[in-house]
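Shown next, in structure tokens, is the structure this report addresses.
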Protein chains: 2
Amino acid sequence: MPAPRIAKIDQSKLRENVYYALRDAFTRGEFAPGDIVSLRILSDQLGTSMTPVREAVRRLVAEGALIDTPSRTLMVPPFDSNRMQDLKKARLALESLVLEQAMDRISADKIDEMEAILAAEPRGGDTTPDLQQNYDFHFALYRQSGSEVLLPLVEALWLQYGAYLNLIIHHQDAGKIDQHKHHNEIIHALRQGDRAAAQRALAADIERSFQVIASDGGQRVSR
Amino acid sequence: MPAPRIAKIDQSKLRENVYYALRDAFTRGEFAPGDIVSLRILSDQLGTSMTPVREAVRRLVAEGALIDTPSRTLMVPPFDSNRMQDLKKARLALESLVLEQAMDRISADKIDEMEAILAAEPRGGDTTPDLQQNYDFHFALYRQSGSEVLLPLVEALWLQYGAYLNLIIHHQDAGKIDQHKHHNEIIHALRQGDRAAAQRALAADIERSFQVIASDGGQRVSR
DNA sequence: TCGCCGTTATCTGTGATATTTGATCGTAGG
DNA sequence: CCTACGATCAAATATCACAGATAACGGCGA
């Protein structure tokens with residue numbers, strides 16, 4: 001089994017922290033589709049006992065980021081082209097809806113904040129896309145929808161999508177990805193209040209996210 | 001604390017069973033918004049130890065059916081009008097999408113099966129709406145979408161909606177609810193392949209679901 | 001006598017650990 | 001080469017120990 005890099009966590013509010021540590025590891029693409037994860041190894045790496053890890057893992061299973069195999073071992077869902085298409089459809093539909101609600105309420109200040117996120121220094125070097133920035137940008141927007149129901153659903157989709165990030169990061173064309181173009185279009189459309197343009201730009205951005213791995217599936221790249 | 005009726009469960013595959021037992025209790029409207037639930041009491045009722053209950057409960061929290069209060073006690077989310085509106089919007093959007101995909105693939109056989117569900121004997125007596133039938137009908141349809149991504153999201157919405165079922169069941173107008181009309185319209189539209197009509201009927205059915213409790217909120221009715 | 005406040009006892013979830021169960025993998029024997 | 005047995009490992013449950021919160025109870029003051 002590969003050993004994803006997960007930093008040890010501090011000992012207060014263990015359960016929450018374990019969950020977010022694992023969640024972060026997912027959104028950073030530390031886990032590759034098909035990876036087997038073990039509660040013991042995770043708890044050793046995190047410096048805690050199995051109990052908090054198990055609860056966090058159970059939550060991740062509920063959210064679809066991990067699956068229970070029939071033999072009870074935990075696995076990152078293997079690459080599945082159909083499922084990925086499904087995921088893309090779901091993202092397009094849900095995030096379109098959330099964007100709609102966000103545009104009803106967003107203020108000029110918040111648009112400025114979103115632009116500030118784009119202006120920040122890239123954290124991952126120039127060769128890999130800045131996943132954290134991408135995440136921050138989208139959710140700064142989505143949070144403006146004010147929907148406590150839809151937002152967790154979108155987060156669940158991103159978490160499932162997270163396993164595919166590993167494939168993207170290690171893909172040979174990773175450096176070519178240009179997320180800035182669509183992001184700037186979204187900002188511009190928000191300023192204009194142009195709903196159709198914002199929807200188009202967001203849809204294009206989501207399509208882009210899947211484009212790199214759409215053709216060649218299942219190239220498992222562990223650390 | 002009220003004592004929701006939860007049957008003891010058999011001892012194999014405990015974790016799954018505990019989860020589904022609690023889930024069922026939710027969809028039967030056994031829990032009222034604002035109820036406090038205790039791990040120990042639940043595990044006593046189910047005849048197991050706390051551990052499996054804890055994991056099941058943790059999953060329900062992740063799905064929004066229960067919430068953690070700041071003092072760490074578990075609570076059924078209290079009635080919240082805004083949240084309910086939010087939930088309705090989400091259900092309308094997501095179930096519309098799922099219906100769309102289901103209509104691409106559904107066969108005449110499956111439509112017959114759905115009709116058979118409607119023809120079955122009502123289980124709850126004539127005064128209360130048959131919640132199980134309603135659930136079975138909708139998900140027989142949604143399963144035809146074949147979407148492993150969207151279906152769990154819809155289930156999560158129904159679970160959050162479940163807490164409000166308690167309010168509906170004990171509502172004075174509960175007997176007046178006529179779910180058959182919209183269901184038959186859906187069946188008819190499916191047979192005709194009339195997408196617009198199916199969408200209209202489904203939307204009307206969802207609206208109906210919320211109508212009873214839309215006006216008077218928070219009438220807490222425990223057992 | 002009534003009301004307020006502090007103390008205490010109980011009940012809560014949380015984290016850790018031990019025990020049991022089940023599955024997998026390697027090896028030895030046919 | 002295939003099969004079957006056993007050792008090993010991981011997950012599932014139960015039990016234990018701890019810390020925090022809640023609520024009830026009793027004493028004190030008005």
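Letters go in sequence order (proteins before strands), and every chain restarts at 1.
- A:Ser71 has a side-chain polar atom (N or O) that falls below the 4.0 Å cut-off from OP1 or OP2 of C:dT24.
- Distance A:Leu74 CG to D:dA10 P: 12 Å, rounded to the nearest Å.
- Per the geometry, CZ belonging to B:Arg54 stands 10 Å off C1' belonging to C:dA16, to the nearest Å.
- Of the possible donor and acceptor atoms, none in the side chain of A:Gln144 sits under 3.5 Å from a partner among the backbone N and O of A:Met103.
- For A:Arg72 and C:dT24, the CZ to P distance is 10 Å, given to the nearest whole Å.
- As rounded to whole Å, 15 Å separates atom C1' of D:dG20 from atom CG of B:Leu39.
- Rounded to an integer number of Å, the gap from B:Leu60 CG to C:dG13 P is 14 Å.
- For B:Ile41 and C:dG13, the CD1 to P distance is 8 Å, given to the nearest whole Å.
- Checked by distance alone, B:Arg40 brings a side-chain donor or acceptor within 3.5 Å of a matching partner on the base of C:dG13.
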Before you tell me yes or no, could you show the steps for B:Glu207 and B:Leu92 under side-chain contact (heavy atoms from CB on, under 4.5 Å), namely the whole-Å CA-CA distance, both residues' side-chain angles and the distance that decides it to 0.1 Å? CA-CA 8 Å; B:Glu207 292 279 355; B:Leu92 284 168; 3.8 Å; yes
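- The interatomic distance linking B:Met50 (CE) with C:dA16 (P) rounds to 15 Å, in whole Å.
- Considering only the side chain of A:Pro52, C:dA16 comes nearest among D:dT13, C:dA16, C:dT14.
- Dashed line: the shortest gap from a side-chain N or O of B:Thr51 to OP1 or OP2 of D:dT13 is not under 4.0 Å.
- Under a 4.0 Å N-O distance rule, the pair B:Arg83/B:Asp86 does not qualify as a salt bridge.
- Whole-Å rounding puts the A:Ile36 CD1 to C:dT24 C1' distance at 12 Å.
- Put simply, the residue from B:Glu63, B:Arg23, B:Arg91 that forms a side chain to side chain contact (heavy atoms under 4.5 Å, CB included) with B:Trp158 is B:Arg91.
- Taking only side-chain atoms of B:Ser38, from C-beta outward, the nucleotide of C:dT14, C:dG13, D:dA14 with the closest atom is C:dG13.
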